[in-house]
Amino acid sequence: MSKTAEVKFEGKSYELPVIEGTEKEIGINIGSLRSESGLITLDPGFKNTGSTKSAITYLDGEKGILRYRGYSIEELADKSTFLEVSYLLIFGHLPSESELSDFQNQIKVHTLVHEDIKKILEGFPSNSHPMGVLSSLVTSLTAFYPESLDPNRSSERVNLSIIRILAKMPTFAAWAYKNEVGHPVNYPDNNLDYCSNFLKMMFALPAEKYDVDPVISSALNKLLILHADHEQNCSTSTVRVVGSSQASLYASISAGINALWGPLHGGANSAVIEMLENIKKDGGDTKKWMAKAKDKNDPFRLMGFGHRVYKNFDPRARIIKKAADDVLDKLGVDDPVLDIAKGLEQVALNDEYFVERKLYPNVDFYSGIIYRALGIPVDMFTVMFALGRLPGWIAQWKEMRENNEPIGRPRQIYVGENLRPYVDLKKR
């Protein structure tokens with residue numbers, strides 16, 4: 001017999017079906033609760049509400065587990081490439097050699113963008129935040145490919161939209177950076193792999209020979225894999241809800257970029273660098289600031305340590321720590337801010353207070369260090385996050401569409417005024 005849960009209210013009992021996932025997660029299906037009882041549930045922030053059944057990503061924060069389509073994040077980061085992981089997330093299986101080759105070649109065909117997009121880019125002042133630029137350029141694809149707006153489009157057209165956004169996102173991200181620093185844009189170099197091509201578009205100067213450092217490219221590849229999906233977070237849920245209205249892939253991705261822009265979501269690695277800068281301005285005494293972090297009465301909060309989901313060590317942090325060390329060793333960066341970061345890391349990994357509370361450095365801490373070492377401006381950090389999260393957003397949008405999920409429409413508990421008469425303007 002299938003399991004059920006019972007809700008009792010005012011002497012009546014209501015049975016609700018219990019759903020069990022493949023990893024033994026248990027959920028109560030409340031879909032019929034309102035129609036049968038008039039009751040709804042209240043869950044601010046949806047912290048304990050499952051909005052969908054998904055086969056894409058499994059996350060266990062208590063045990064520090066993250067898997068894409070059943071594959072451990074540790075194995076994927078060690079053995080795979082970002083485009084291979086993208087294929088896995090979007091299409092549900094690891095590609096064969098021919099499937100991956102075809103996928104890569106299709107992306108190379110579509111890396112160039114329409115020249116009129118440069119006119120849109122030129123309309124932004126150089127002090128525009130690159131996330132706003134990125135969101136706008138992604139939205140503009142609906143104008144250049146109006147067929148993407150058709151909610152009944154064929155799977156072939158959907159796949160073409162997927163290829164286009166995967167191909168053009170690095171171009172858009174690099175151009176947003178070039179706009180910020182006032183440099184002429186670079187066009188894609190399809191002789192390079194995905195990460196190396198992006199690095200060249202970011203950092204090459206006109207008429208300059210630019211050789212991509214394999215250590216840097218490898219670190220970026222790992223970072224993008226680690227950020228590729230993370231279950232039903234704020235931006236991913238946004239993509240699914242917007243997509244549930246049958247909005248296009250490009251409009252839904254743009255909405256996800258804007259959700260990620262918020263400092264409570266994608267801005268965490270930026271907050272790490274801002275914290276380190278403040279410590280530097282104060283003299284760089286890491287022991288003083290770690291003592292402040294321990295003091296419950298001190299308003300200071302340590303950024304980049306611990307995680308709201310992972311109650312153990314962030315599995316992604318274990319992987320990217322090595323990449324961060326490799327980047328710093330290879331570049332030989334002399335930066336007091338990064339020295340402070342390493343000092344905080346050593347304290348947190350060895351101090352009993354932090355170890356007991358599992359306040360370990362997380363992926364945002366190490367990604368901030370890497371981006372800082374590469375010379376990427378702080379307000380570009382979230383753009384880098386968006387570039388990595390793109391295949392997860394696509395996979396979630398595609399899954400929602402293929403499952404024919406209903407339009408997202410949360411309920412509420414009204415706490416406003418009761419019915420009252422309109423008062424004429426002169427009598428108020």
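For this chain, numbers begin at 1 and follow the sequence in order.
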Does Ser245 reach the main-chain N or O of Val241 with its side chain, forming a donor-acceptor pair under 3.5 Å?
no
Between Asp351 and Lys294, is there a side-chain N and carboxylate O pair less than 4.0 Å apart?
yes
Carboxylate-amine/guanidinium proximity below 4.0 Å for Arg316 and Asp364:
no
Does the Ser86 side chain pair with the main chain of Phe82, one donor and one acceptor, at a distance under 3.5 Å?
yes
Charged N to carboxylate O below 4.0 Å: is that the case for Lys296 and Asp298?
no
Salt bridge Lys118-Glu122, side-chain N to carboxylate O under 4.0 Å:
no
Is it true that Lys281 and Glu274 make a salt bridge, defined as a side-chain N closer than 4.0 Å to a carboxylate O?
no
On the 0 to 90° scale, with breaks at 30° and 60°, tag the Tyr250-Tyr145 ring pair as parallel, tilted or perpendicular.
tilted
Around atom CZ of Phe144, are there more than 12 heavy atoms of other residues, nucleotides or ligands at under 6.0 Å?
yes
Please step through side chain to side chain contact (heavy atoms under 4.5 Å, CB included) for the pair Met131 and Met380, ending with a clear verdict.
CA-CA 8 Å; Met131 282 293 277; Met380 270 292 295; over 6 Å; no
In this structure, is the centre-to-centre distance between the rings of Phe365 and Phe305 below 6.0 Å?
yes
Non-hydrogen side-chain atoms of Phe91 and Lys398 separated by less than 4.5 Å
yes
Nearest heavy-atom pair of Ser252 and Ala247: which atoms, and what distance?
OG-O, 3.8 Å
Please confirm whether the backbone N or O of Asn186 pairs with a side-chain atom of Trp175, one donor and one acceptor, at under 3.5 Å?
yes
Check each of Val327, Ile273, Asn269 against Tyr371 using the side-chain contact (heavy atoms from CB on, under 4.5 Å) test, and report the only one that passes.
Asn269
Heavy atoms of Leu359 and Ala348 approach each other most closely as O-CB, 3.9 Å
Main-chain N/O of Met202 paired with Lys178 side-chain donor or acceptor, under 3.5 Å
yes
Gly408 backbone acceptor or donor facing Ser244 side chain under 3.5 Å
yes
Does a side chain donor of either Thr236 or Gln232 reach within less than 3.5 Å of an acceptor in the other side chain?
no
Side-chain contact, heavy-atom cut-off 4.5 Å: Ser2 with Val18?
no
Closest heavy-atom contact between Val355 and Leu349?
CG2-O, 3.6 Å
Is it the case that over 12 heavy atoms from other parts of the model lie below 6.0 angstrom from the CG atom of Asp282?
yes
Just wondering, do Glu147 and Arg153 contact through their side chains at under 4.5 Å, heavy atoms?
no
Stepwise side chain to side chain contact (heavy atoms under 4.5 Å, CB included) check, Arg240 with Trp397
CA-CA 5 Å; Arg240 291 187 79 124; Trp397 179 90; over 6 Å; no
Hey, are the side chains of Leu344 and Leu276 touching, using non-hydrogen atoms and a 4.5 Å cut-off?
yes
With a 6.0 Å cut-off on the ring centroids, do Tyr310 and His230 count as close?
yes
Calculate, to the nearest 0.5 Å, the distance between atoms CD1 and CH2 belonging to Ile340 and Trp289 respectively.
10.0 Å
Starting from the C-alpha separation in whole Å, work towards a yes-or-no answer on side chain to side chain contact (heavy atoms under 4.5 Å, CB included) for Val383 and Tyr177.
CA-CA 9 Å; Val383 172; Tyr177 168 72; over 6 Å; no
Side chains of Asn179 and Ser126: donor-acceptor distance under 3.5 Å anywhere?
no
Using atom types as modelled and distance alone, determine if a side-chain donor or acceptor of Ser140 lies under 3.5 Å from a backbone N or O of Leu137.
yes
Might you work through the side chain to side chain donor-acceptor pair (under 3.5 Å) test for Ser161 and Ser148, ending with a clear yes or no?
CA-CA 7 Å; Ser161 292; Ser148 69; 5.1 Å; no
Tell me, with the steps shown, if Glu345 and Tyr366 meet side chain to side chain donor-acceptor pair (under 3.5 Å).
CA-CA 10 Å; Glu345 176 196 35; Tyr366 290 115; 2.6 Å; yes
Donor-acceptor contact present, side-chain Asn221 to main-chain Thr81, <3.5 Å:
no
Hydrogens and angles aside, do Asp229 and Trp393 bring a side-chain donor and acceptor to less than 3.5 Å of each other?
no
Pair Asp102-Gln106, side-chain donor/acceptor within less than 3.5 Å
yes
Students often mix this up, so state it plainly: with edges at 30° and 60°, are the rings of His265 and Phe385 parallel, tilted or perpendicular?
perpendicular
Between Arg67 and Asp60, is there a side-chain N and carboxylate O pair less than 4.0 Å apart?
no
Within this structure, what is the OG1-CG distance for the pair Thr49 and Asp43, rounded to the nearest 0.5 Å?
3.5 Å
What is the minimum heavy-atom distance between Leu94 and Glu99, and which atoms define it?
O-OE1, 4.3 Å
Does any non-hydrogen side-chain atom of Tyr210 lie less than 4.5 Å from one of Phe203?
yes
Check Glu399 against Ala55 and note the closest heavy-atom contact, atom names and distance.
OE2-N, 2.8 Å
What is the minimum heavy-atom distance between Ser270 and Thr382, and which atoms define it?
OG-OG1, 4.1 Å
Would Leu59 and Ile65 count as a side chain to side chain contact (heavy atoms under 4.5 Å, CB included) here? Give the steps.
CA-CA 6 Å; Leu59 190 161; Ile65 294 173; over 6 Å; no
Donor-acceptor contact below 3.5 Å, side chain Arg69 vs main chain His93:
no
Is there side-chain contact between Glu25 and Glu20, with heavy atoms separated by less than 4.5 Å?
no
Are Asn233 and Ser235 close enough, and set up right, to give a side chain to side chain donor-acceptor pair (under 3.5 Å), and what steps lead you there?
CA-CA 6 Å; Asn233 53 79; Ser235 59; 3.0 Å; yes
Look at atom CG of Asn48 and say whether more than 12 heavy atoms of other residues, nucleotides or ligands are closer to it than 6.0 Å.
no
Are any non-hydrogen side-chain atoms of Glu180 and Ser128 less than 4.5 angstrom apart?
no
Within the distance-only criterion (no hydrogens, no angle test), does the side chain of Ser136 pair as donor or acceptor with the backbone N or O of Gly132 below 3.5 angstrom?
yes
Does Ser254 use its side chain to pair, donor to acceptor, with the backbone of Ser135 at less than 3.5 Å?
yes
Do the side chains of Lys322 and Asp326 get close enough for a salt bridge, i.e. N-O under 4.0 angstrom?
yes
Look at atom CD1 of Ile28 and say whether more than 12 heavy atoms of other residues, nucleotides or ligands are closer to it than 6.0 Å.
no
Side-chain ion pair, Asp116 and Lys119, N-O less than 4.0 Å:
yes
Let me see the working for Thr52 and Ser54 under side chain to side chain donor-acceptor pair (under 3.5 Å), right down to the final yes or no.
CA-CA 6 Å; Thr52 189; Ser54 178; over 6 Å; no
